[in-house]
Number of protein chains: 2
Amino acid sequence: MAYRRTAAVEQRLEDRRAAIAAAAIALLSDHGYRALSIAAVAERAGVATGTVYRHYTDKSELMVGIFRDLCVREVEAVTAASAAGSATGRVAAMVETFAQRALRNPRLAYTLLAEPVDAALDAERLVLRRAFAAAFADAIGHGIATGEFPDQDAGLAAAALVGAVGEVLTDPLHTGTAATGTVPDLVAFALRALGAPQ
Amino acid sequence: MAYRRTAAVEQRLEDRRAAIAAAAIALLSDHGYRALSIAAVAERAGVATGTVYRHYTDKSELMVGIFRDLCVREVEAVTAASAAGSATGRVAAMVETFAQRALRNPRLAYTLLAEPVDAALDAERLVLRRAFAAAFADAIGHGIATGEFPDQDAGLAAAALVGAVGEVLTDPLHTGTAATGTVPDLVAFALRALGAPQ
DNA sequence: GTCTATACGTCGATAGAC
DNA sequence: GTCTATCGACGTATAGAC
């Protein structure tokens, strides 16, 4: 009989992969991308270096894999924040949610958002930004439909907000500390830009 | 007597370097980063491939060198656009200038602005963004001082505008065509965000 | 410009699952 | 018995120090 993986083995494989990803995330959270060596990941995950390559073809794919895993959560959190309420409230909640979650783990967020890594991650970031923009476009379109926001190109405004939020957070995430006014100011900027009533 | 480069030789070297850079820019303008092979650059510049490496240590440095050269011009153009007039007019002129210049050569602008290339270029982009943000912060600070804009964190607003403009242009630059309303809409977004009077 | 240290990715051997 | 995931030392490239 040909070899086939049992459920137990499948589970172990998954666990190992998760352990490797978790180790990598911990390293990124502590010291950013420069700390992400395969040797360090392997040691922290309790496996040999060669094992890492059984789960990820190379370091770049490991980084992209982590990015995808983590960003799915972020998109979900932001989408959840935009579920109900006035359009103004939704957009405010989205910006606030994104910013506060990022600032809670600044080093990791900086690596995901802006740290120079490689072209593969850059490409993935472009995809992520479109996902966030789609979520914003929904909320903005809602606001236009209800007359809360003046008529405008929702797609353009959404992209602009994604860019604005990312760029404003880049520096605070990099240094590790944001001024107390950063998040409310950012929200105010976004709402003014959309023409929301005061 | 030790060897020393004469002025004539020095000039020839500079010319060669300029020719190589020009060839690289032409390739990027035509087909983006994927067309930037050292062999293609050398052929177009009329030099041997080895000669390219006498002026740039590797492809990454060539790309960064081009980026710096071109971006100096862009920062100058945007700064010049902000030289005089009302703060509203200055900011509008800056956004318009940047966007229109980019859209005039979309493929090249996309490569400079957002195309996945490598970490070295990413790092350079971060520097460039700060330069643009500084220019915007000047104009915004001016507007706050004259009472044209409501009181706000000029640095935050400047970063937000840089992010917004870059993100909004990314897609049109990538596809090669912008809707006719893109630039005016972007300007309107920026002025609303700053709280400029209608 | 050289030299050393660091780190990526590979490979043959091994242990264990089927 | 066959096949596979794991190990960990090694070759090689590269980057930073002197």
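On a predicted model such as this, the values are computed, not experimentally measured, just so you know. In what follows, every heavy atom counts, from backbone to side chain, and hydrogens, waters and symmetry copies are set aside. Proteins come first, then strands; the chains are lettered A, B, ... in the order of their sequence lines, and each starts at number 1.
Taking atom CG of residue A:L27 and atom C1' of nucleotide C:dA7, one finds them 14 Å apart after rounding to whole Å. The interatomic distance linking A:Q11 (CD) with C:dC18 (P) rounds to 13 Å, in whole Å. In this structure, CZ of A:R12 is placed 9 Å from C1' of D:dA5, rounded to the nearest angstrom. Per the geometry, CD belonging to A:E43 stands 14 Å off P belonging to C:dT6, to the nearest Å. In this entry the distance linking CG of A:D58 with C1' of C:dA7 reads 14 Å, nearest Å. In this structure, CZ of A:R17 is placed 14 Å from P of D:dA5, rounded to the nearest angstrom. Atom C1' of nucleotide D:dT14 and atom CZ of A:R34 are separated by 18 Å, given to the nearest angstrom. In this structure, CE of A:M63 is placed 17 Å from C1' of C:dC8, rounded to the nearest angstrom.
Checking D:dA5, C:dG9, D:dC7 against the side-chain heavy atoms of A:T51 singles out D:dC7 as nearest. In the set C:dC8, D:dC7, C:dC18, D:dC7 carries the atom at the smallest distance from any side-chain atom of A:R16. For A:A48, counting side-chain heavy atoms from C-beta on, the closest listed nucleotide (C:dG9, D:dG8, D:dA5) is D:dG8.
The residue A:L36 sits close only to the backbone: its heavy atoms come under 4.0 Å of sugar-phosphate atoms, none of a base.
A close approach under 4.0 Å does not occur between any side-chain nitrogen or oxygen of A:S37 and OP1 or OP2 of C:dA7. Phosphate proximity of D:dT6 to A:H55: present, with a side-chain N or O under 4.0 Å from OP1 or OP2.
The base of D:dA9 is paired with the side chain of A:T49 by a donor and an acceptor separated by under 3.5 Å.
With hydrogens and angles disregarded, no donor-acceptor distance shorter than 3.5 Å links the side chain of B:E124 to the backbone of B:F67. Not a single donor-acceptor pair under 3.5 Å links the side chain of B:R44 to the backbone N or O of B:A23. Between the A:Q152 side chain and the A:L194 main chain, a donor and an acceptor come within less than 3.5 Å of each other.
More than 12 heavy atoms of other residues, nucleotides or ligands lie within 6.0 Å of CD in A:E10, so this atom counts as buried by the packing criterion. More than 12 heavy-atom neighbours from other residues, nucleotides or ligands sit within 6.0 angstrom of NE2 on A:H142.
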